[in-house]
Every structure is written in structure tokens, then in C-alpha cells.
Number of protein chains: 2
Amino acid sequence: MHPFDAAMRLETSATGRFSGRTTVAYANMIGPFGGITSALMLHAVMRHPDRAGAPVALTVNYAAAVADGEFEIHASPCRTNRSTQHWNVRLQQGADVQVTATAVLAQRRQSWSATESSSLPNELQRPEDLPRLSMPGLPAWVDRYDLRFLEGGPENVPHPGHSGSVTRLWVRDDPPRPATFESIASMADCFFPRVFLRLGRMLPAGTVSMTTYFHAEAAVLQAQADRYLYGVARGLEFRNGFFDQVAEIWSDDAQLLARSHQLVYYKA
Amino acid sequence: MHPFDAAMRLETSATGRFSGRTTVAYANMIGPFGGITSALMLHAVMRHPDRAGAPVALTVNYAAAVADGEFEIHASPCRTNRSTQHWNVRLQQGADVQVTATAVLAQRRQSWSATESSSLPNELQRPEDLPRLSMPGLPAWVDRYDLRFLEGGPENVPHPGHSGSVTRLWVRDDPPRPATFESIASMADCFFPRVFLRLGRMLPAGTVSMTTYFHAEAAVLQAQADRYLYGVARGLEFRNGFFDQVAEIWSDDAQLLARSHQLVYYKA
């Protein structure tokens, strides 16, 4: 079983009530990687028998660090319309709520479409021509991604003086795995906190809320299969302990799969 | 009483349980303006006796149109940490959930801060030198804002062929009212759906989810008082019935007060 699918394993204990446990493969410095938690909140919805449609919006609030070990996820639809469905999700350990989420699912129809804002350059160095990130001392989850930096990699972090915080990279699950909504939800969090790039050092930082909009349908993800995806992230406003950053995940044929925003706590 | 404060009126029926009613001043084409609903979800949190801190993140999911008339809002803290607090909020009419929301509050400390991404031009025409929007046939809420367009106003909508969907404007409550977190939450939705600009016509469209990050503290809002705010909005990815747009609200002395993202349904 792929480590991502092992991390997504949920046992149904009642309708909309799932139990799971953290896996060492996606461990972060404290508790699991935020991306895998985001994917799990969505996965509970995807597994629910009343699910109608595919995800278009997902907001995950990291209320407290998930402790290594068992957890329970409760997912309930609070409104089902003709073409959209709204969900509430929470992750608990005992009586404590560690994570809350809301999700919107939809049945889409083909219509006029356009990419107005594109961060895609015309020419991109291919992942095969770039070295894979290999750095000692990083948390386990980093090794679950094959990361090849075009700009703004962690080797820039010990070199302060960056005026910007852009990272551009190729990313693929390791081992390679076909893209799903859950894997994209997780990948959208694969960019380290932008404040590290701005200040040229690591410092205490953690996501407090993350919203991902899915612009791809299932067929687009299927067509992408397990090939490298292009990702870009940038910090926007850093203000008294909180900053926001945007991340985009693109297919290798220049379709935007997801755009994600997060608000991150930092202690500078 | 200012019409905004009249729209925010909530009676406490039990701890965290509030009743209110829609007001004609903020009526949209169907039900109330989405911005006023976003502000109400936040206001319930701000009114709660257990509130600790000021808002940093707010996600509002528009599950169904709010009908004109009475509603109930339930707000409950699901986690209170040393410096952050997480909330769940829902708006019901009878047994039906029309709106859900999550909010994160925080106690901030002064720290290194920076504006990396700025949409602010160096020179801005002053609001006094621009005409106020005056157009027959718009819903009531539009008159609750003094809107002065620098770019991308509704007069551009009947003229198709725009390749972009940027709107830049000055905005102020009408009558003028000191800025609060709630008024900023509402203003962040004052930009009409970006797809109107792209296609040069009005079409069915409605916000399904909206996330606002607050970068200002209460003291910054107080200093702004009731002066004009600068706003900018842009559509990003339009794809098979859903698009995302970003909006920013700036103080008149070039501080970013809030950045907001929404996912909007459209039928083209």
C-alpha cells in the first residue's frame, strides 16, 4: 500500500464517524504534516455514503497540534442542494477538537472557462534536469515528496536578504502515485512557511487556517496520472505574528488544479 | 442607528445563540447581501461572552440563500489556546442551515512585519475627484456603500472584450461609519462577480465560500475612522461553473486591512 493511502486509512465506526491513526511516514516536527491532515478531513467526506459531487472548496482550521496516535473524524453534510453540498468536519482526540473543516462539493457542467491569473512561465526547466531536494534533518513527510526546486528552495534559507518569498518547484509523491483530490489537498501544503525565506532562517511558525479551491475535475486529475506537478508559492502580507501565503498546483500541461491560501502564525 | 448597526442587531436567546432579522437596507436581489451575512457570522463571535482576541481568519460558506425575515445564529468556541481561539458558527432559519462559518481569533504581538505583495499604485486619484456610482436598478445594499471607481466599474459591464477583471475603487459606508472588523468583513464582498467584467454581461452567479484574513488590529481600524478605504479585486481562474476572486481592502495610508478570497458559482 502506498504510504499516502496508508495515511488515509479510516475505519467507519458509524455513519460519518471514522477512526484513524497518524503514520510515521508523514510525521512533522510535532504531530503529522498539515497537508496530510487537510487530506484526511477531505477524505472523510469522500468516504461518506451521502457524498454528492466533487470538492470545489475546503477550509481546514488547525486548532491544536494532532498528537501522534489515534484520532476520530466526524463528517456531516449540513446542506445538499441540486448541484452543491456543504459539509462540516472535525477531528478529535478524546474530547479535544484538534482540527475543524468545512467543504463544498459540486457537480460541475462544462462552460466558458479562462485562466486570468497565471504564474506559469513559458519555459520551464524539466524536473529530470534538476536535483531532488536532499537535506538532512528535515521531518519525515518531506521525503514523501520528490521536490525539485526552480527557485526559492531551502538552500536559500540560511542566506538572508531575500526581498521576496517565491518558491517554484516540481513535486511528485514518492513513490509516484496518481493524483487525487486528497493528494492535491496535501501537496498544496508542501511549501515551507514563506517567512523562512524572507528572514533567512527557521523560526516558530504554523498554519492556523488553510483554504483550497479545486479547479480540476476528476477526469483532469486522472489524465495527470502520477507525473510531476508544478507548484508555486508566495508570501503576501506579514503582520504582527500572522502572514498569508498563496500556493498553486498546476498540471504538467499548464492547467491549474488548485489554488490554496493559508494564514500562518510566526514568532519573529 | 446606522443601517449597518441595525443590520448587526442580534438578541441573545442563550449563550452563543442569537436571533436577528434581515434588513431592507442590505437587501440583495434574493435575500441579503453576502457581505452583511459574513459580517453577522463574525458579529455573533464578537458578541459572545467567551471571546478572546480579535479576528484573523473568517470563512463563510453560503449553503443556501437566506430568506428575508428572522434567523438564528449559533456561535461556539471549539478550542481556546493561549493566543488563538477557534469558532464554529451557523445561521439557521427553522431547521435549515443556510450559512456555516469558522473563525480564528488571536492575540497579536508586535513583530517583524512586511508587505510583500502590494496592489497599491504610487499615485491614486482622490475619491473627491471621482464620481460616486449611481445606477438605477441595482439592489439596495449597493446604496449602503459610497463607491468611486478608478477602474473596472459596472459601466464596463455592457462592453465585452475585457481580457482582465480588475476593479479598483474607493469605498465608504453610507452614511460614513468608523471601520470595524465586521464592516471590513462586509466590504470585502462589495465587488460584483468578476465574471460580469470578463463576459461583459450580468449572469447568474453567487458566492459559495469566502475566506477573509484580517491583517489589521483594532487600533489600526480605529485610526482609519470613517475615511474612504481603497479596494481592489480580480478574478483568477474561471473553470466550468466556478471561479475564484481575490479582494483587498487598504487603509487610506497604505496599510492592508484585509485580504479576502471567494469561490463563486456562475452559469455562463
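In the text below, chain A, chain B and the rest are named by the order of the sequence lines, each starting its count at 1. Since the structure is predicted, the reported quantities are computational estimates derived from the model, not experimental observations.
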Undergrad: Is it the case that the side chains of A:Asp244 and B:His215 hold a donor-acceptor pair, with the cut-off being a distance below 3.5 Å and no angle test?
TA: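 The answer is yes; a qualifying pair exists.
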Undergrad: Whether the A:Glu237 and B:Ser117 side chains hold a donor-acceptor pair (N or O, under 3.5 Å, no angle test) is what I'd like checked.
TA: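 Looking only at side-chain atoms, B:Ser117 and A:Glu237 do not form any donor-acceptor pair under 3.5 Å.
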Undergrad: What residue in A:Thr59, A:Val246, A:Asn240 has the most heavy-atom pairs under 4.5 Å with chain B?
TA: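 Winner by heavy-atom pair count: A:Asn240.
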Undergrad: Side chain, backbone, both or neither: which part of B:Ser209 has a heavy atom under 4.5 Å from chain A?
TA: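 It is both, since atoms from each part get that close.
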Undergrad: When you measure from the centre of the six-membered ring of A:Phe243, is the NZ or CZ of A:Arg194 under 6.0 Å away and within 45° of the axis?
TA: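 Not flagged: A:Arg194 not positioned over aromatic ring of A:Phe243.
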Undergrad: Below 4.0 angstrom, N of the basic side chain to O of the carboxylate: do B:Glu72 and B:Arg17 qualify?
TA: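 B:Arg17 and B:Glu72: salt-bridged.
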Undergrad: Is the B:Phe181 to B:Phe214 ring centre distance short of 6.0 Å?
TA: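 Yes - the distance between ring centres of B:Phe181 and B:Phe214 falls below the 6.0 Å cut-off.
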Undergrad: Would you mind checking which part of A:Tyr62 comes under 4.5 Å of any heavy atom in chain B, side chain (CB onward), backbone (N, CA, C, O), both or neither?
TA: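 Just its backbone gets close to chain B.
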Undergrad: Ignoring hydrogens and angles, state whether a donor on the side chain of B:Thr102 or A:Asn61 is under 3.5 Å from an acceptor on the partner side chain.
TA: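 A donor-acceptor contact under 3.5 Å links the two side chains.
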Undergrad: With only heavy atoms counted, which part of A:Glu217 is less than 4.5 Å from chain B, the side chain, the backbone, both or neither?
TA: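 The side chain, not the backbone.
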Undergrad: Between A:Asn88, A:Val97, A:Leu236, A:Thr80, who has the most heavy-atom pairs with chain B when the cutoff is under 4.5 Å?
TA: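 Option with the top pair count is A:Leu236.
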Undergrad: Counting heavy-atom pairs under 4.5 Å with chain B, which one of A:Arg90, A:Gln110, A:Lys267 comes out on top?
TA: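 Maximum pair count with chain B is reached by A:Gln110.
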Undergrad: Heavy-atom pairs under 4.5 Å with chain B - which of A:Gly235, A:Ala268, A:Gly241 has more of them than the others?
TA: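 Most pairs with chain B among the choices: A:Gly235.
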Undergrad: Of the backbone (N, CA, C, O) and the side chain (C-beta and beyond), which part of A:Asp96 lies under 4.5 Å from a heavy atom of chain B, both, or neither?
TA: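 The answer is both parts of A:Asp96.
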Undergrad: Picking from A:Arg234, A:Arg109, A:Gln85, A:Gln98, which has the most non-hydrogen pairs under 4.5 angstrom with chain B?
TA: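 Among the listed options, the one with the most contacts to chain B is A:Arg234.
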Undergrad: With only heavy atoms counted, which part of A:Arg239 is less than 4.5 Å from chain B, the side chain, the backbone, both or neither?
TA: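 Interface part for A:Arg239: both.
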Undergrad: Without hydrogens or angle criteria, can the side chains of A:Glu116 and B:Ser165 be said to hold a donor-acceptor pair below 3.5 Å?
TA: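 Checked: A:Glu116/B:Ser165 side chains pair up, N/O donor to acceptor below 3.5 Å.
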Undergrad: Tell me, side chain or backbone of B:Arg259 under 4.5 Å from chain A's heavy atoms, or both, or neither?
TA: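 For B:Arg259, the contact with chain A is made by the side chain alone.
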Undergrad: Quick one: what part of A:Thr211 sits under 4.5 Å from any heavy atom of chain B, side chain, backbone, both or neither?
TA: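 For A:Thr211, backbone and side chain are both near chain B.
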Undergrad: Does NZ or CZ of A:Arg201 lie under 6.0 Å from the centre of the six-membered ring of A:Phe196, at an angle within 45° of the ring axis?
TA: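 No, A:Arg201 does not sit over the ring of A:Phe196.
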Undergrad: Please state whether the side chain, the backbone, both or neither of A:Val104 comes within less than 4.5 Å of a heavy atom of chain B.
TA: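 Just its side chain gets close to chain B.
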Undergrad: Looking only at side chains, do A:Gln107 and A:Ser83 share a donor and an acceptor under 3.5 Å apart?
TA: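 No - no donor-acceptor pair under 3.5 Å links their side chains.
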